[in-house]
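Comments concern the structure below.
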Amino acid sequence: MHFQEPTIGEIIQKANNLTPDQIESILGYQREHKVRFGEAAVALGLANSDDVMWALAQQFHYPYSGERDGMFSKELVIAKNPFSPQAEAIRTTRSHLIMKMYSGSEPRKALAILSANSGDGRSYFAANMAAAFSQLSGRTLLIDANMRSPRQHEIFNLANAGTGLSSILTGRAVTNVIQPVKTLPNLFVLPVGTTPPNPLELAERPAFGLMIRELLSKFDHILVDTPALSQGMDGAVIAAKCGAAVLLARQNHTRVDSLQSLVGALRMSDTTIVGSIVVDH
């Protein structure tokens, strides 16, 4: 049985509750001026440019938020502006990571996002990369393991009170700690929950590695946000439990010796460094 995808016009019509008379007006304008349906709808004031972008994203299965709901931080460019150069660069990076991580016969690993200093863009990169991975088949999980200054719940506008990663690592019985992200199919987030006073000790517990192994059986892609190396060894410890890491350096900010210290910390374990990325965020 052949399933036909809805057209841009059909998506806009349904989303904006356009009447048959309004549709006829748009079609007439479209014929007269030889423009696309969306352009005609915008020209007649029956839709706006964000409506058209949203409809286009729906047709091509892109996660998109735009101005329709304001539920995400503007940092989430994959959802806010999926056709921008920044979003395209993120998808290109995703392709490189896939080739590095999934080209062989080795067991799947979680990917830790690391950098030397605060403000290097780890949370921005982790959030957008998780959203980009969720565009692929399968389920993607983003774990906020920055138990010093968590940010993923802010970027995705999720509840972070009470239970979360810190609850799991302290051995408390918890349920429904992994939260689905509305409007971003196949993407789930595990927030930190209560910020603990002993983040490094929690990261070092066997429970972290056991949790990662269990989650790898339930999710196709797992990305993990971490604290900066300048805040402690948490990131390196977490990366060892994940098995793989990507290193971020901020253009004109990250010092070479800081990056060398980060690499040195990772070499104390069997962590696979799948790449290093320079960001200008």
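In this text, all values refer to a predicted model and were calculated from it rather than measured experimentally. For this chain, numbers begin at 1 and follow the sequence in order.
Checked by atom type and distance alone, the side chain of E32 never pairs as donor or acceptor with a backbone atom of Y29 at under 3.5 Å. Without hydrogens or angle criteria, R250 side chain to G119 main chain gives a donor-acceptor distance under 3.5 Å. T271 contributes no side-chain N or O that, together with a main-chain N or O of R267, makes up a donor-acceptor pair within less than 3.5 Å. Put simply, the side chain of D144 gets close to the backbone of Q152: a donor and an acceptor are under 3.5 Å apart. R148 contributes no side-chain N or O that, together with a main-chain N or O of P227, makes up a donor-acceptor pair within less than 3.5 Å. Under a 3.5 Å cut-off, the side chain of N128 and the backbone N or O of V77 do form a donor-acceptor pair. With hydrogens and angles ignored, the 3.5 Å screen pairs a side-chain donor or acceptor of S84 with a backbone N or O of A87. Remark: side-chain polar atoms of R122 are paired, donor with acceptor, to backbone N or O of N117 under 3.5 angstrom. Counting only distance, with no hydrogens or angles, the side chain of T226 and the backbone of N146 share no donor-acceptor pair below 3.5 Å. Side-chain atoms of D120 do not come within 3.5 Å of backbone N or O of L248 as any donor-acceptor pair.
Considering every non-hydrogen atom in both T19 and Q22, the closest pair reads N-OE1, 2.8 Å. A pairwise comparison of heavy atoms in L266 and A245 identifies CD1-CB, 4.4 Å as the closest pair. Considering every non-hydrogen atom in both A127 and I155, the closest pair reads CB-CG2, 3.9 Å. The minimum heavy-atom distance linking S166 with G193 is given by the pair OG-C, 4.1 Å. In terms of heavy atoms, A203 sits closest to I238 at CB-CG1, 3.9 Å.
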Item to complete: List the steps, then state whether side-chain contact (heavy atoms from CB on, under 4.5 Å) holds for R108 with M101.
Response: CA-CA 8 Å; R108 289 189 305 111; M101 292 186 67; over 6 Å; no
Worksheet item: Please walk me through it: do L114 and V246 pass side-chain contact (heavy atoms from CB on, under 4.5 Å)?
Response: CA-CA 6 Å; L114 276 72; V246 61; over 6 Å; no
Discussion item. Set out, in order, the CA-CA distance, both residues' side-chain angles and the distance that settles side-chain hydrogen bond (donor to acceptor under 3.5 Å, both in side chains) for S123 and D225, then state yes or no.
Written reply: CA-CA 6 Å; S123 296; D225 192 6; 2.7 Å; yes
Item to complete: Kindly determine whether L247 and V263 satisfy side-chain contact (heavy atoms from CB on, under 4.5 Å), including the steps that lead there.
Response: CA-CA 8 Å; L247 312 185; V263 173; 3.6 Å; yes
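At a threshold of 4.0 Å, the pair E24-R31 counts as salt-bridged, since one of the basic side-chain nitrogens sits closer than that to a carboxylate oxygen. A salt bridge is defined here as a Lys NZ or Arg NE, NH1 or NH2 lying under 4.0 Å from an Asp or Glu carboxylate O, and R205 with E201 fails to meet this definition. Using a cutoff of 4.0 Å between basic side-chain nitrogens and carboxylate oxygens, E75 and R151 are scored as salt-bridged.
Expressed to the nearest 0.5 Å, how far CG of L200 lies from CD of E204 amounts to 4.0 Å. Here H153 contributes atom NE2 and N160 contributes atom CG; the two are 4.0 Å apart, rounded to the nearest 0.5 Å. Taken to the nearest 0.5 Å, the CG atom of D234 stands 7.5 Å off from the CD atom of Q231. Summarising the geometry, atom SG belonging to C242 is positioned 4.5 Å from atom CD1 belonging to I212; distances are rounded to the nearest 0.5 Å. Rounding to the nearest 0.5 Å places CG of L111 at 10.5 Å from OG1 of T272. Note that the CE atom of M129 and the OH atom of Y124 stand 9.5 Å from one another [nearest 0.5 Å].
Contact annotation: the side chain of M147 never approaches that of T195 to less than 4.5 Å [non-hydrogen atoms, C-beta and beyond]. Between D220 and T140, every side-chain heavy-atom pair lies at or beyond the 4.5 Å cut-off. A 4.5 Å side-chain heavy-atom check between L190 and L142 finds every atom pair outside the cut-off. When side chains are defined from C-beta on, T93 counts as touching F125, because their heavy atoms get closer than 4.5 Å. Taking 4.5 Å as the limit, some side-chain heavy atom of L44 sits within range of a side-chain heavy atom of I26. With a 4.5 Å cut-off on side-chain heavy atoms, I178 and V189 do not count as touching. The shortest side-chain heavy-atom distance between P191 and Q179 falls under the 4.5 Å cut-off. When side chains are defined from C-beta on, F208 counts as touching L169, because their heavy atoms get closer than 4.5 Å.
Both I78 and I98 are assigned to one and the same hydrophobic cluster, defined by single-linkage of ILVMFWY side chains at heavy-atom distances under 4.5 Å. Connection of V278 to L97 is not established within any shared hydrophobic cluster, with ILVMFWY side chains joined at heavy-atom distances below 4.5 Å, either directly or through further cluster members. Linking ILVMFWY side-chain heavy atoms closer than 4.5 Å, directly or via other members, places I222 and L210 in two distinct hydrophobic clusters.
By the 6.0 Å contact criterion, CG on D257 is enclosed, its count of non-hydrogen atoms from other residues, nucleotides or ligands being greater than 12.
Put simply, the residue from S118, S258, S261 that forms a side chain to side chain contact (heavy atoms under 4.5 Å, CB included) with L229 is S261. Among L223, V224, L215, L216, the one residue that satisfies the side chain to side chain contact (heavy atoms under 4.5 Å, CB included) test with L141 is L215.
Between H221 and F133, the ring planes are tilted. Angles from 30° to 60° get that label.
A donor-acceptor pair shorter than 3.5 Å cannot be found between the side chains of R255 and Q260.
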